[in-house]
2 protein chains.
Amino acid sequence: MQISAGLVILFEMRSPTELAQVFREKQLRLTPQRQLLFNLLHDNNSHPTAESLFETASKQMPGISLRTIYQTLGELADMGELQLVDLGNGAMRFDPNMGEHQHFVCGSCGAIHDVDITSAPKLRAGSAEGFAVEEVGVVFHGRCNRCNQGEQKSHHSKRSPGFQAKKIKQVKTN
Amino acid sequence: MQISAGLVILFEMRSPTELAQVFREKQLRLTPQRQLLFNLLHDNNSHPTAESLFETASKQMPGISLRTIYQTLGELADMGELQLVDLGNGAMRFDPNMGEHQHFVCGSCGAIHDVDITSAPKLRAGSAEGFAVEEVGVVFHGRCNRCNQGEQKSHHSKRSPGFQAKKIKQVKTN
DNA sequence: TGTTAGTTATCATGACATGCAAATTAGTGC
DNA sequence: GCACTAATTTGCATGTCATGATAACTAACA
Ligand SMILES: [Mn+2]
Ligand SMILES: [Mn+2]
Ligand SMILES: [Zn+2]
Ligand SMILES: [Zn+2]
């Protein structure tokens with residue numbers, strides 16, 4: 001979904017074929033675990049959690065440690081290959097879409113969609129009164145298109161006590 | 001700070017004199033602990049955490065239980081007297097300002113300021129493509145006016161791993 | 001004053017994330 | 001291919017924030 005049309009530059013993870021280079025640049029060894037996670041995240045717009053990645057990864061690589069998932073995700077974030085997004089749903093989300101964008105959270109199914117605010121209102125106000133705004137995070141809540149149609153199956157329980165809003169964790173791009 | 005001028009209707013907690021009624025309405029007893037917390041929160045724009053309220057409350061009422069703090073804060077939230085705000089700083093914030101507003105987080109001192117987006121861009125877009133936006137949360141990050149002036153003393157360490165953005169937890173107003 | 005809600009203390013649980021040390025392995029040189 | 005060593009992985013412990021559960025005690029209020 002788009003809030004307003006306009007040019008959107010997406011900075012995505014580098015391609016899997018560049019993988020080796022990506023890791024070597026940072027003097028990181030090309031382990032099977034890193035390859036797997038890199039592949040699982042590349043072009044992944046589902047905004048997975050560490051746990052969900054752990055589940056997925058475990059199928060392809062039984063025995064992989066959850067600790068390694070966290071470890072590697074942190075490294076990839078440090079490398080600027082993905083950003084951490086906290087939408088207030090309990091667990092951090094990992095997003096290979098490095099472009100400046102916001103998120104929509106469906107309160108019914110829990111799905112998370114990218115929202116590109118482009119020519120949209122530049123919220124970077126506030127310089128008045130001595131405040132210096134460096135970053136703005138926006139989270140939209142509502143019902144996604146799918147849930148808006150068919151009967152409301154209302155999954156997405158887990159432990160979200162109600163509605164929440166959001167949070168993005170900035171990543172040092174070195 | 002304001003992003004854009006305009007009429008701002010603030011829904012605040014009821015006054016302390018209405019306290020008794022407030023509690024009785026919900027068939028809750030008017031205990032000293034509840035009175036204390038109600039008073040500590042009334043007109044409080046510091047967005048305290050449960051722990052910080054516990055510290056403050058303990059001074060006036062040594063022996064008060066942290067469990068009671070959480071308990072009472074939950075009740076007050078259920079009663080619609082305050083809202084829970086998650087700014088991604090680890091702990092939930094409690095905000096007696098029930099009006100629709102957003103927040104500014106100072107990355108230097110950790111202070112949280114209310115931001116009133118009034119006539120500002122109505123971000124409630126997205127109805128196109130079948131998405132129904134019900135709520136929008138915004139968190140501004142930067143340096144507050146105080147930190148912007150004097151030398152940057154940079155407190156606010158604790159356990160924020162970096163920058164984050166935000167989240168608001170909706171409260172059932174019954 | 002009695003009934004009963006509320007508080008306290010304690011302990012357990014739960015989700016999410018990180019610290020740590022021992023075991024393993026990738027990548028190097030031979 | 002083989003040995004070597006530093007980088008990684010793994011398993012477990014720890015930490016934070018928050019809630020559940022129980023029992024014993026306290027006090028609101030009808
Ligand atoms: Mn995204
Ligand atoms: Mn506020
Ligand atoms: Zn949905
Ligand atoms: Zn500040």
Side-chain angles (χ1 to χ4, degrees), chain A residues 19-21 23-38 48-55 57-58 61-79 84-94 110 156-162 164 167 169, chain B residues 19-38 48-55 57-58 60-79 84-94 157-162 164 167 169:
Chain A
L19 198 166
Q21 187 205 343
F23 280 117
R24 261 192 287 264
E25 274 179 18
K26 307 285 177 173
Q27 311 213 301
L28 295 179
R29 291 181 177 173
L30 191 58
T31 67
Q33 292 86 346
R34 282 176 179 154
Q35 294 179 57
L36 174 55
L37 280 172
F38 190 98
T49 64
E51 299 274 355
S52 73
L53 284 167
F54 176 55
E55 287 182 42
S58 294
M61 187 183 286
I64 190 173
S65 167
L66 177 57
R67 192 64 187 79
T68 299
I69 305 289
Y70 277 108
Q71 173 73 27
T72 303
L73 289 174
E75 290 164 353
L76 288 172
D78 288 343
M79 292 163 64
L84 283 64
V85 182
D86 184 342
L87 296 156
N89 291 308
M92 201 67 73
R93 304 288 175 150
F94 297 87
H156 178 53
S157 50
K158 272 236 156 174
R159 77 156 190 156
S160 281
Q164 275 138 324
K167 141 187 162 198
K169 186 191 291 178
Chain B
L19 198 165
Q21 187 206 343
V22 170
F23 280 116
R24 259 190 289 264
E25 274 178 18
K26 307 286 176 174
Q27 309 212 302
L28 296 179
R29 290 182 178 175
L30 189 61
T31 68
Q33 291 87 349
R34 283 174 178 156
Q35 293 180 58
L36 174 56
L37 280 173
F38 189 98
T49 64
E51 298 274 354
S52 73
L53 283 167
F54 177 54
E55 287 182 41
S58 294
Q60 292 187 231
M61 187 183 285
I64 189 172
S65 168
L66 177 57
R67 196 66 189 75
T68 299
I69 305 289
Y70 276 110
Q71 174 73 28
T72 303
L73 289 173
E75 291 164 351
L76 288 172
D78 287 343
M79 293 164 62
L84 284 64
V85 182
D86 184 342
L87 295 156
N89 292 307
M92 201 66 74
R93 304 289 176 150
F94 296 87
S157 48
K158 272 235 157 175
R159 75 156 192 157
S160 282
Q164 276 137 326
K167 144 186 160 199
K169 186 191 292 178

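Keep in mind that this is a model prediction, so the values were computed, not measured. Lettering follows sequence order; numbering is per chain, from 1.
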Enquirer: In this structure, how many angstroms lie between the P atom of C:dT25 and the CD atom of A:Gln35, rounded?
Expert: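 Checked: the CD to P distance equals 15 Å.
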
Enquirer: Counting side-chain heavy atoms from C-beta on, which of C:dG27, C:dA26, C:dT7 comes nearest to A:Pro32?
Expert: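 My answer, after comparing the listed nucleotides, is C:dA26.
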
Enquirer: On the nucleotide C:dC16, are OP1 or OP2 found under 4.0 Å from the side-chain N or O atoms that A:Thr49 carries?
Expert: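 So the side chain of A:Thr49 is outside the cut-off, no N or O lying under 4.0 Å from OP1 or OP2 of C:dC16.
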
Enquirer: Can you measure from CG (B:Leu73) to CZ (B:Arg93) and round to the nearest 0.5 angstrom?
Expert: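 Taking CG in B:Leu73 and CZ in B:Arg93, the distance rounds to 13.0 Å.
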
Enquirer: Between A:Gln35 and A:Phe38, is any pair of side-chain heavy atoms under 4.5 Å apart?
Expert: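 No, their side chains stay 4.5 Å or more apart.
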
Enquirer: Confirm from the modelled atom types if A:Arg34 and D:dT8 form a donor-acceptor pair under 3.5 Å, side chain to base only.
Expert: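 No.
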
Enquirer: Run through B:Leu84, B:Leu87, B:Val85 and flag the one making a side-chain contact (heavy atoms from CB on, under 4.5 Å) with B:Met92.
Expert: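 In the set B:Leu84, B:Leu87, B:Val85, the residue that makes a side-chain contact (heavy atoms from CB on, under 4.5 Å) with B:Met92 is B:Leu84.
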
Enquirer: What is the distance, rounded to the nearest whole Å, between atom CZ of B:Arg93 and atom C1' of D:dA18?
Expert: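 From B:Arg93 CZ to D:dA18 C1': 15 Å.
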
Enquirer: Would you mind reading off the distance between A:Leu87 atom CG and C:dC16 atom P, rounded to a whole angstrom?
Expert: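 Spelled out: CG on A:Leu87 to P on C:dC16 is 13 Å.
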
Enquirer: Figure out the CG/C1' separation between A:Asp78 and D:dA7, and round it to whole Å.
Expert: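 Distance, rounded to whole Å: 16 Å.
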
Enquirer: Can you list everything that forms a salt bridge (Lys or Arg N to Asp or Glu O under 4.0 Å) with B:Glu75? Sequence neighbours excluded, please.
Expert: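 B:Arg34.
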
Enquirer: Closest approach to the side chain of B:Met92, judged atom by atom: which nucleotide of D:dT8, D:dA18, C:dA17 is it?
Expert: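 Among the listed nucleotides, the one closest to the side chain of B:Met92 is D:dA18.
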
Enquirer: Do B:Glu51 and B:Leu66 come within less than 4.5 Å of each other through their side chains, counting heavy atoms only?
Expert: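 Yes - at least one pair of side-chain heavy atoms lies under 4.5 Å apart.
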
Enquirer: Can you identify which nucleotide, out of D:dC29, C:dG27, C:dC16, has its nearest atom closest to the B:Arg24 side chain?
Expert: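 Closest of the options to the side chain of B:Arg24: D:dC29.
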
Enquirer: Write down the distance between CD (A:Gln33) and C1' (C:dT25), rounded to a whole number of angstrom.
Expert: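 In whole Å, C:dT25 C1' and A:Gln33 CD are 9 Å from each other.
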
Enquirer: Side chains of A:Phe23 and A:Leu76: closer than 4.5 Å at any heavy-atom pair?
Expert: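 Side chain of A:Phe23 against side chain of A:Leu76, heavy atoms only: contact under 4.5 Å found.
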
Enquirer: Please list residues of residues 63-72 of chain A whose heavy atoms come under 4.0 Å from any atom in DNA chain C, ordered by number; otherwise none.
Expert: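 Close to the strand are A:Arg67, A:Tyr70.
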
Enquirer: How many whole angstroms separate atom CD of A:Glu75 from atom C1' of C:dT18?
Expert: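 Between C1' of C:dT18 and CD of A:Glu75: 14 Å.
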
Enquirer: For A:Gln21 and C:dG27, give me the distance from atom CD to atom P, rounded to whole Å.
Expert: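 Roughly 15 Å, once rounded to whole Å.
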
Enquirer: What I'd like to find out is whether the side chain of A:Met79 reaches to under 4.5 Å of the side chain of A:Leu28, using heavy atoms alone.
Expert: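 Yes, side chains in contact.
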
Enquirer: How close or far is atom P of D:dT16 from atom CZ of B:Phe54, stated in whole angstroms?
Expert: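 Result: 15 Å.
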
